[in-house]
Amino acid sequence: MQLPILCSLVAFLPWCESNREPEGHGWQAARAGDSRSPCPMLNSLANHGFLPRDGQNIDSQTATSVLQDALNFDPAPFVGQIRGVMAVSSTGRNGTFNLVDLDQKPFEHDASLSRNEASSGDSLHFDPKVWAQTASHFRGRDVISIEMAARARADRVATASKTNPDFNLTEAQVSTTYAESGLYLLAFGDKTNGNARTDWVRSFFEQERLPYNQGWSKPRETISAADIGAMAKKIAAVPVGK
Ligand code: HEM
Ligand SMILES: *[C@@H]1O[C@H](CO)[C@@H](O)[C@H](O)[C@H]1NC(C)=O
Ligand SMILES: *[C@@H]1O[C@H](CO)[C@@H](O)[C@H](O)[C@H]1NC(C)=O
């Protein structure tokens, strides 16, 4: 009998727990009118209904608790950004934001891994061409190491700074880009070496889908601000000069 059929009969077996989206959190692509952000993780959380599927009117309690509950990330390092976006919210209601409100400086920045430059007119949506450059560093490899992630990031910064006449990454945004490369290694790999599964990372960026169906589940140990800082530091320490 095939494993999926077996698992539908006896779902309590331990090896059946993985490869399934949690009850009530099946993936659905965004629909017309839904609000989405330049962050592939917030979009994934909305696509799975951990955040409102329409991406609208998110309060800070929802935005923080979802990180803990769905991802086992300590929300503390994200609180500043959440507070910041509340101040420029388009919802017209106190204390809530729409995902699209994050598509502006300083939250949105140049040299993204999967999005185009704001100067191109679209820094919001996944961009296959931009992503192709990032993903070229992962081709033929089952896992993404810290070194590979560092080279992919550096390659994007180099191209963006060459092709965008208005290129501008502030010092704080440079730190953010190291952290963001660390975030996907931590969510889909391990705290020490990264080694994030390439197929999981591709599902995350390309479909904004948490790769439950490919065996992923949220990290067992909480990812703290210190973990993110340490991973960002390791990425920044990789010599990437050409
Ligand atoms: C409430 C919490 C969060 C907020 C407000 C937030 C916000 C953002 C924003 C505004 C961007 C766009 C930056 C750009 O221009 O590229 C971004 C990118 C990113 N975020 Fe989040 N984020 C949050 C949580 C997370 C978490 C928990 C992860 C874990 C994996 C994550 C992973 C990423 C990654 C990998 C990118 C880079 C995307 C790219 O360069 O194409 N984010 N985030
Ligand atoms: C939102 O409400 C809080 C508490 O009710 C208040 O302190 C704050 O100034 C309000 N913010 C805005 C932008 O209206
Ligand atoms: C880069 O952006 C920052 C903040 O968005 C701004 O303060 C600064 O003036 C910009 N620099 C240039 C050269 O445009």
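Keep in mind that the numbers below use all heavy atoms, side chains included, and drop hydrogens, waters and symmetry copies. Nothing here was measured: the structure is a model prediction, and the numbers come from that model. In each ligand, atom 1 is the first atom listed, and ligand 1 is the first ligand listed.
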Return yes if a side-chain donor-acceptor contact under 3.5 Å exists between [X] and [Y], otherwise no.
X      : Y      : value
His109 : Glu180 : yes
Trp27  : Glu21  : no
Asp74  : Ser224 : no
Thr159 : Gln133 : yes
Ser90  : Asp101 : yes
Asp59  : Thr62  : yes

Notebook entry, point to check: Taking the six-membered ring of Tyr178, is NZ or CZ of Arg153 closer than 6.0 Å to its centre and within 45° of its axis?
Noted result: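 Satisfied, under 6.0 Å and within 45°.
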
Notebook entry, point to check: Under a 4.0 Å heavy-atom limit, does Leu42 contact ligand 1 with its side chain, its backbone, both, or neither?
Noted result: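 It is the side chain that touches ligand 1; the backbone stays farther off.
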
Next item on the list: Measure from atom 2 (O) of ligand 3 to the protein's non-hydrogen atoms and state whether any distance is below 4.0 Å.
Entry: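 Within 4.0 Å: yes, protein heavy atom nearby.
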
Margin query: Looking at atom 7 (O) of ligand 3, tell me if a protein heavy atom falls under 4.0 Å from it.
Written below: no

May I ask you to check if ligand 1 and [X] share an N or O to N or O distance below 3.5 Å?
X      : value
His109 : yes
Ser112 : yes
Pro40  : no

Proximal ligand 1 atoms for [X], defined as those under 4.0 Å from one of its heavy atoms:
X      : value
Phe107 : 10 (C), 13 (C)
Leu183 : 28 (C), 29 (C), 30 (C), 31 (C), 32 (C), 42 (N)
Ile82  : 1 (C)

Notebook entry, point to check: Taking Ser35 for the side chain and Val100 for the main chain, is one N or O donor matched with an acceptor at less than 3.5 Å?
Noted result: yes

Next item on the list: Look only at the side chain of Asn19 and the backbone of Gly215, and say whether a donor-acceptor pair between them is shorter than 3.5 Å.
Entry: yes

Check: Do the ring planes of Phe188 and Phe204 sit parallel (below 30°), tilted (30 to 60°) or perpendicular (above 60°)?
Finding: tilted

Check: Does His25 have its ring centroid less than 6.0 Å away from the ring centroid of Tyr212?
Finding: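 When the ring centroids of His25 and Tyr212 are compared, they turn out to be at least 6.0 Å apart.
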
Looking at [atom], what's its closest protein heavy atom, distance included?
atom                    : value
atom 24 (C) of ligand 1 : Phe78 CE2, 3.4 Å
atom 40 (O) of ligand 1 : Leu113 N, 2.7 Å
atom 7 (C) of ligand 1  : Gln81 OE1, 3.5 Å
atom 41 (O) of ligand 1 : Ser114 OG, 2.6 Å
atom 13 (C) of ligand 3 : Asn168 ND2, 4.5 Å

Item checked: Polar proximity ligand 3 side, Thr170 side, N/O cut 3.5 Å exclusive -> no

Note to self: Quick test of your reading of the structure: of Ser44, Ser60, Ala187, Cys39, whose heavy atom lies closest to atom 8 (C) of ligand 1?
What the structure shows: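 It is Cys39 whose heavy atom sits nearest to atom 8 (C) of ligand 1.
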
Margin query: Measuring from atom 37 (C) of ligand 1, which candidate in Arg83, Met41, Glu180, Glu108 has the nearest non-hydrogen atom?
Written below: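 Nearest option to atom 37 (C) of ligand 1, by heavy atoms: Glu180.
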
